[in-house]
Amino acid sequence: MSFQSPKGTKDVLPDEQPYWERVETAARRIARLYGYERIDLPVFEDTGLYKRGVGAGTDIVEKEMYTFEDKGGSSITLRPEFTAGVMRAYLENGLASWPKPVKVWSIGPVFRYERPQAGRFRQHTQFNVEAIGESDPALDFEIMSVAFHLYEELGFRNLSFQINSIGCPKCRPAYLEKLSAYYRSREDGLCPDCRQRLVRNPLRLLDCKNPGCQAGIAAAPAISDSLCGECEAHFRALRAYLDDRKRPVTLNHRLVRGLDYYTKTVFEVWAEGIGSQNAVCGGGRYDGLAEAVGGPATPGVGFASGIERIVLTLKQQAAAETAPSRPKPAVYFAHLGADAARQAVTLLAECRAAGIEAVMGFGERSLKAQMREANNRGAARVAVIGESEIAGRVVQLKSMEDGGQSAVPWAELTATLKAKEAGA
RNA sequence: GUGGGUAUAGCUCAGUUGGUUAGAGCGUCAGGUUGUGGCCCUGAAGGUCACGGGUUCGAGUCCCGUUACUCACCCCA
């Protein structure tokens, strides 16, 4: 075959779907529990939204976006993240007139042109949660709690919650100046990447993994010492909520985000055992985003969690005993002969109309072959129809578990199956 | 964008210092006496050995290139 799925994309086959369903069900339930409503957005937007929202100098915008010109000449970009689109929808649809905060969640694919590796794809799926219009640190805590709760619900262990405050437009410039000054004094010892960062995005200097740069990072001024009064108070309040609820978090002064819109609170959740791409969740406050895309000043806070990485973690941590199973039909119709096939189709339709999960064998195959298929599909029972059953207007209903078999009149079949289902 | 690893059946992999029609397990399909699954037995289908060159009497095996996949850097979910 001459085609394969594009680089960095993958098919989620039926045997993996139970994991996805479990995650989606949990996400939906937790979102509702916390008072968040679903919102669905287009998977592509005007390119300018991301350039202005996410930030022109960010890696995402600079080299990872799927951008193209459509037939009308507009520059379109497949969404590389949710938050900018949610803010656009909030502003465009007048959600600012709703009671604040406006709390919404989404689930769907996002696209980034990256080199794929374990846990990293060019198309991946995010569960995205946002709360817009409120700057209370209790809301930061609530957003983080949604993440905590979701992972608890999924039975995750050994997660690491990392938090930091990266300040606001009032205090960050002064800090960046301090940080740059510190690094300029030791520029000779820097790795090439860090020299770039020093000019382009000094905050990133703290994020360097190069061993040679670690000592410099450790000694670098921490932003926590440079926060303005407002940011300091906000961060302190958030930490108090976390303490009160005994939420174990790690203060990580080096935690920096790759998107320009973040202010004050930033956080990530790291999982174990899923490879080097271990961030299963990332988020924070973005009080400057609305203005960046041309709206009135509007605070907001949110997070995104990657379903593929959650599923990896689920498989890795929650292990075999909780592995979800695939659906199994309640009854399989095996038939011999054309008349029996016609009757099987009718009874099959009756079962489905009655809400009984039912399937049939196709083609002219031996009863043995049909039994084998029923067994492979995990059917609970087999209804056999042949000449003698047609004559007696019955089916032979066999339990695949204990092998017991008895004749059941056609008219009583759905009732009998329902009774047996309820009994089992 | 930069490195490392890998490439044989749908899946997981064997394939001996280069030597005839390329193998196994699993899976799929069928058969093992009339119309009954699982276990067992038998059989079948399924492979341009990623692609292109080269060395050689002879290449799945050695060499070079390309592509793909993969892991890591980077960045992030």
Side-chain angles (χ1 to χ4, degrees), chain A residues 1-10 13 15 23 54 58-64 79-83 107-129 147 191-194 196-197 201 204 207-211 255-259 266-271 274-283 303-313 332 334-337 340 361 363 365-390 395-405:
Chain A
M1 206 264 288
S2 40
F3 296 105
Q4 54 184 301
S5 79
K7 185 194 276 281
T9 66
K10 65 168 199 158
L13 299 178
D15 54 358
V23 175
V54 176
T58 60
D59 278 3
I60 288 180
V61 169
E62 215 166 55
K63 46 192 193 194
E64 295 179 357
R79 68 180 171 208
E81 58 105 46
F82 271 92
T83 307
I107 192 163
V110 299
F111 307 87
R112 292 180 201 168
Y113 188 83
E114 301 186 89
R115 277 293 278 277
Q117 67 184 82
R120 188 169 73 186
F121 309 95
R122 289 186 173 178
Q123 173 179 339
H124 76 279
T125 312
Q126 288 188 351
F127 172 53
N128 186 265
V129 181
C191 70
D193 283 343
C194 279
Q196 280 296 312
R197 295 185 176 109
N201 192 347
R204 290 241 89 99
D207 208 22
C208 186
K209 270 80 170 184
N210 192 316
L255 184 63
V256 172
R257 316 253 50 223
L259 295 78
V266 294
F267 64 93
E268 284 187 7
V269 182
W270 298 344
I274 60 169
S276 70
Q277 303 302 309
N278 65 346
V280 72
C281 174
F303 75 81
S305 193
I307 309 290
E308 285 80 358
R309 289 185 191 173
I310 291 179
V311 168
L312 281 175
T313 309
Y332 174 103
H335 51 85
L336 293 160
R365 300 156 70 205
S366 69
L367 184 56
K368 182 183 191 133
Q370 294 183 75
M371 292 300 295
R372 190 150 43 211
E373 185 193 349
N375 186 60
N376 287 345
R377 291 190 187 280
R381 292 175 220 296
V382 173
V384 180
I385 313 179
E387 277 178 40
S388 54
E389 286 77 21
I390 295 277
V395 301
Q396 289 294 335
L397 190 61
K398 172 169 183 166
S399 162
M400 294 300 275
E401 195 183 342
D402 59 29
Q405 178 171 313

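For the numbers below, each heavy atom of this structure counts, side chains included, while hydrogens, waters and symmetry mates do not.
In this structure, Y113(A) and I307(A) both approach RNA chain B, and ranking their closest nucleotides by distance from the 5' end singles out Y113(A). If A304(A) and L367(A) are placed on RNA chain B by their nearest nucleotide, the residue sitting closer to the 5' end is L367(A).
Comparing C29(B) with G52(B), their C1' atoms sit 37 Å apart, to the nearest whole Å. On the C1' atoms, A59(B) is 16 Å away from A50(B), given to the nearest whole Å. Taking the P atom of each, A9(B) and G23(B) are spaced 14 Å apart, rounded to whole Å. Comparing G47(B) with A77(B), their P atoms are spaced 44 Å from each other, to the whole Å. U55(B) and A68(B) have their P atoms separated by 27 Å, given to the nearest Å. U20(B) and G58(B) have their P atoms separated by 15 Å, with the value rounded to a whole Å. Comparing the same atom, C1', in C57(B) and in A30(B) gives a spacing of 44 Å after rounding to whole Å. Here, U67(B) and G60(B) have their P atoms 24 Å apart, quoted to the whole Å.
With hydrogens and angles ignored, a donor-acceptor pair under 3.5 angstrom links the side chain of K398(A) to the base of U36(B). In this model, no side-chain donor or acceptor of K63(A) finds a partner on the base of G1(B) within 3.5 Å. Side-chain atoms of S366(A) and base atoms of G35(B) include no donor and acceptor less than 3.5 Å apart. For Q396(A) against U36(B), a side-chain-to-base donor-acceptor contact under 3.5 Å is absent. Judged by distance alone with a 3.5 Å cut-off, a donor-acceptor contact links the side chain of R115(A) to the base of U2(B). For N375(A) against G37(B), a side-chain N or O and a base N or O form a donor-acceptor pair under 3.5 Å. Judged by distance alone, with hydrogens and angles left aside, R120(A) brings no side-chain donor or acceptor close enough to the base of C71(B) to form a pair under 3.5 Å.
One atom, CZ of R381(A), and another, C1' of G37(B), lie 15 Å apart when rounded to the nearest Å. Atom-to-atom, NE2 of H335(A) to C1' of U36(B) comes out at 14 Å; the value is rounded to the nearest Å. If you measure from atom CD of E114(A) to atom C1' of A77(B), you get 9 Å, rounded to the nearest angstrom. Atom CD of E81(A) and atom P of C75(B) are 18 Å apart (whole Å).
Checked against G37(B), A68(B), C71(B), the side chain of Q4(A) finds its nearest nucleotide in A68(B). Comparing C75(B), A72(B), A77(B) against the side chain of A118(A) picks out A72(B) as the nearest.
In this structure, R122(A) is not positioned above the aromatic face of F111(A) in the sense of NZ or CZ being under 6.0 Å from the six-membered ring centre and within 45° of the axis.
One finds no side-chain N or O of Q277(A) lying less than 4.0 angstrom from the OP1 or OP2 phosphate oxygen of C75(B). Within the 4.0 Å cut-off from OP1 or OP2 of A68(B), not a single side-chain nitrogen or oxygen of K7(A) is found. Side-chain N/O atoms of R365(A) include one lying less than 4.0 angstrom from OP1 or OP2 on A30(B). Taking side-chain N and O atoms only, N376(A) has a distance below 4.0 Å to OP1 or OP2 of U28(B). The phosphate of A72(B) (OP1 or OP2) has a side-chain N or O of S276(A) nearer than 4.0 angstrom. For C71(B), neither phosphate oxygen OP1 nor OP2 lies less than 4.0 angstrom from any side-chain nitrogen or oxygen of Q117(A).
When each of M400(A), E373(A), R381(A) is checked for a side-chain contact (heavy atoms from CB on, under 4.5 Å) with Y332(A), only E373(A) meets the rule.
Using a 4.0 Å heavy-atom distance criterion, V280(A) is classed as a sugar-phosphate-only contact. At the heavy-atom level, G386(A) lies under 4.0 Å from base atoms of the strands shown. E268(A) comes within contact range of no nucleotide atom at all, as no heavy-atom separation falls under 4.0 Å. At a threshold of 4.0 angstrom between heavy atoms, the contacts of Q123(A) with the nucleic acid are absent. Heavy atoms of F127(A) sit nowhere under 4.0 angstrom from any nucleic acid atom. Note on E64(A): only backbone sugar-phosphate atoms sit closer than 4.0 angstrom, heavy atoms only; bases stay farther off. Residue A379(A) is classed as having no contact, given no heavy-atom separation below 4.0 Å to the nucleic acid. In this structure, G275(A) reaches the sugar-phosphate backbone alone: every heavy-atom distance under 4.0 Å involves primed, P, OP1 or OP2 atoms, never a base.
Within 6.0 Å of CD on E387(A) lie no more than 12 heavy atoms contributed by other residues, nucleotides or ligands.
With sequence neighbours left out, the side chain to side chain donor-acceptor pair (under 3.5 Å) criterion links N376(A) to no other residue.
In this structure, H124(A) contributes its side chain and G306(A) its backbone to no donor-acceptor pair below 3.5 Å. A distance-only check finds no donor-acceptor pair linking the side chain of R112(A) to the backbone of F121(A) [under 3.5 Å]. The closest donor-acceptor contact from the side chain of S305(A) to the backbone of V280(A) lies under 3.5 Å.
Across all strands shown, A9(B) remains unpaired; no Watson-Crick or G-U wobble contact has both distances below 3.5 Å. Using Watson-Crick or G-U wobble geometry with both donor-acceptor distances under 3.5 Å, G47(B) finds no partner in any strand shown.
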>> V382(A) vs M371(A), test: side chain to side chain contact (heavy atoms under 4.5 Å, CB included). Steps then yes/no.
In response: CA-CA 8 Å; V382(A) 173; M371(A) 292 300 295; 3.9 Å; yes
